[in-house]
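To find a chain, count down the sequence lines: A is the first, B the second, and so on, and within it residues start at 1.
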Protein chains: 2
Amino acid sequence: MTDQTTLALEDFLPYRLTRLTDAISRDFSQAYRARLGLTRPEWRTLATIGQFGTMTATEVGAHSSMHKTKVSRAVAALETRRWLVRTPDPQDRRVERLTLSKTGQKAYEDMVPVARSFETGLLERMTPEERAALLVGLAALERTVLTE
Amino acid sequence: MTDQTTLALEDFLPYRLTRLTDAISRDFSQAYRARLGLTRPEWRTLATIGQFGTMTATEVGAHSSMHKTKVSRAVAALETRRWLVRTPDPQDRRVERLTLSKTGQKAYEDMVPVARSFETGLLERMTPEERAALLVGLAALERTVLTE
DNA sequence: TCGCCATGGTTACGATTGCAACCAATTCCT
DNA sequence: AGGAATTGGTTGCAATCGTAACCATGGCGA
């Protein structure tokens with residue numbers, strides 16, 4: 001029986017999600033920040049361009065859920081590091097085509113197994129039923145939150 | 001069959017969680033920010049003291065997963081608003097006992113149903129099986145992430 | 001073709017944040 | 001009893017972030 005005049009913060013869904021997410025993304029960012037010296041937006045940008053190949057900054061933002069100023073700064077930082085190259089689009093001179101350099105591609109390939117093993121480390125201490133439940137629950141929540 | 005050299009960001013658990021959490025907490029903070037003019041740390045502080053009654057700042061931080069500087073600033077803001085009162089602890093003069101004022105208690109009581117209905121709004125478009133799965137999955141993830 | 005709105009991207013600015021340093025009070029150790 | 005280490009809480013500072021404003025280019029309607 002729940003008390004109607006009180007809210008149990010530790011059971012409140014938005015709070016549980018932020019707490020989990022804070023802990024997980026802090027742990028994960030340590031894993032690559034120490035290794036690669038990347039910030040979170042830079043990591044996401046690397047991951048997105050690595051996944052799709054050449055993209056524009058707007059496309060990176062759309063696919064990684066980042067504000068365009070974040071993308072802009074992350075792209076600038078990765079360019080300074082010479083991990084990506086900007087090429088003017090001949091069709092539309094507002095647009096820049098972003099591509100990973102050889103070094104950037106190498107960094108991406110090093111990063112992928114780190115990310116996979118981090119995720120595995122999270123999931124391996126759950127039972128198969130729990131893992132399945134998590135995926136079902138997250139997909140349902142995404143459906144209700146990220147659409148319409 | 002998954003490509004081993006590439007990471008699908010949209011399937012990567014930490015990314016899915018941050019995206020969901022960003023969207024949910026942005027929506028929710030709009031719900032109370034517009035209504036009450038509270039920041040997120042202030043909301044959490046109000047929610048925590050409202051739930052437990054008198055507490056110290058350290059206890060608020062422990063129960064709401066907030067850094068002590070966040071708590072300190074949120075307490076100062078709520079005090080300026082006259083929603084809470086600090087009382088020196090006679091046993092230990094380092095400690096301040098934090099209590100909601102009458103106005104703060106009223107604000108808390110107004111806030112609780114808003115929070116509940118926000119949560120309900122998230123869950124009501126999921127099936128009962130999906131809701132159950134979400135709770136199982138989150139609990140399992142909390143167990144692996146937030147312990148030891 | 002001209003003017004207006006939309007789009008891609010950058011930048012200035014204020015607000016928020018976490019870290020580290022700090023102060024005061026308490027506890028621990030000898 | 002008296003330092004040294006610990007704890008509760010605050011503040012200075014640098015970094016990060018989002019909003020809004022901005023520049024340049026492109027698309028579109030009259």
Side-chain angles (χ1 to χ4, degrees), chain A residues 18-19 21-23 25-30 32-34 37-45 48-49 52 54-80 84-99, chain B residues 18-19 21-30 32-34 37-45 48-49 52 54-81 84-99:
Chain A
T18 50
R19 186 179 39 160
T21 299
D22 283 354
S25 62
R26 185 172 35 73
D27 289 352
F28 181 51
S29 83
Q30 281 181 347
Y32 59 75
R33 191 160 199 155
L38 288 179
T39 67
R40 257 169 271 216
E42 288 161 23
W43 183 88
R44 274 202 204 180
T45 301
T48 305
I49 304 180
F52 292 103
T54 300
M55 304 184 85
T56 70
T58 301
E59 289 167 345
V60 170
H63 200 266
S64 62
S65 307
M66 286 196 295
H67 193 271
K68 61 181 183 169
T69 62
K70 263 191 187 173
V71 177
S72 174
R73 287 157 181 151
V75 166
L78 291 175
E79 186 188 30
T80 301
L84 72 75
V85 180
R86 309 188 203 222
T87 314
D89 184 319
Q91 315 294 327
D92 183 342
R93 283 184 304 168
R94 293 171 302 181
V95 173
E96 297 173 332
R97 308 178 64 72
L98 306 173
T99 317
Chain B
T18 50
R19 188 179 37 160
T21 299
D22 284 354
I24 290 175
S25 62
R26 183 173 35 73
D27 289 351
F28 181 51
S29 82
Q30 281 181 347
Y32 59 76
R33 191 160 198 156
L38 288 178
T39 67
R40 257 170 269 218
E42 287 161 24
W43 182 88
R44 274 203 203 180
T45 300
T48 305
I49 304 180
F52 292 104
T54 300
M55 303 184 83
T56 70
T58 301
E59 289 167 344
V60 170
H63 199 266
S64 62
S65 307
M66 285 196 294
H67 194 272
K68 62 181 184 169
T69 62
K70 263 191 188 173
V71 176
S72 174
R73 287 160 181 150
V75 166
L78 291 175
E79 186 187 31
T80 301
R81 204 183 284 247
L84 69 76
V85 179
R86 307 187 203 223
T87 314
D89 184 318
Q91 314 294 328
D92 183 342
R93 285 182 302 166
R94 294 170 303 180
V95 172
E96 297 174 330
R97 308 179 65 70
L98 306 172
T99 316

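- Between the CG atom of A/D92 and the P atom of D/dA24 there is a distance of 16 Å, rounded to whole Å.
- Listed candidates were D/dT11, D/dC17, D/dG8. Nearest to the side chain of A/K70 is D/dC17.
- With A/T80 contributing its side chain and A/A76 its backbone, the two residues share a donor-acceptor pair below 3.5 Å.
- OP1 and OP2 of C/dA15 both lie 4.0 Å or more from every side-chain N or O belonging to B/R33.
- Rounded to whole Å, atom C1' of C/dT16 lies 19 Å from atom CH2 of B/W43.
- Counting distance only, with no hydrogens placed and no angle test, the side-chain atoms of B/R93 and the base atoms of D/dG8 include no donor-acceptor pair under 3.5 Å.
- Side-chain atoms of B/R33 and B/T39 form no donor-acceptor pair, as typed in the model, at a separation below 3.5 Å.
- Side-chain proximity of A/H67 to D/dG18, C/dT26, D/dC17: nearest is D/dG18.
- Atom P of nucleotide C/dT17 and atom NZ of B/K68 are separated by 17 Å, given to the nearest angstrom.
- In this structure, A/E96 places its CD atom 15 Å from P of D/dA24, rounding to the nearest Å.
- In this structure, B/R86 atom CZ and D/dG8 atom P are separated by 16 Å, rounded to whole Å.
- B/R40 and B/T45 are not linked by any side-chain donor-acceptor pair at a separation below 3.5 angstrom, with hydrogens and angles left out of the test.
- The side chain of A/T69 places no N or O atom within less than 4.0 Å of a non-bridging phosphate oxygen (OP1 or OP2) of C/dG9.
- Checked against C/dT26, C/dG9, D/dT16, the side chain of A/T56 finds its nearest nucleotide in C/dG9.
- We find that CG of A/D22 is positioned 12 Å from C1' of C/dT17, with the value rounded to whole Å.
- Protein atom CD of B/E79 is 9 Å distant from nucleotide atom P of D/dT10, rounded to whole Å.
- Formation of a donor-acceptor pair under 3.5 Å by the B/Q30 side chain with backbone atoms of B/D27 is not found in this model.
- Checking D/dG12, D/dG9, D/dC17 against the side-chain heavy atoms of B/R73 singles out D/dG12 as nearest.
- The distance between atom CZ of A/R26 and atom P of C/dT17, rounded to the nearest whole Å, is 16 Å.
- Toward the 5′ end of DNA chain C lies the nearest nucleotide of A/R97, the other residue of the pair A/R97 and B/R94 mapping further downstream.
- Under a 3.5 Å cut-off, the side chain of B/R86 and the backbone N or O of B/L98 do not form any donor-acceptor pair.
- Residue-to-nucleotide proximity on DNA chain D shows that, of A/R40 and A/P90, the 5′-proximal contact is made by A/R40.
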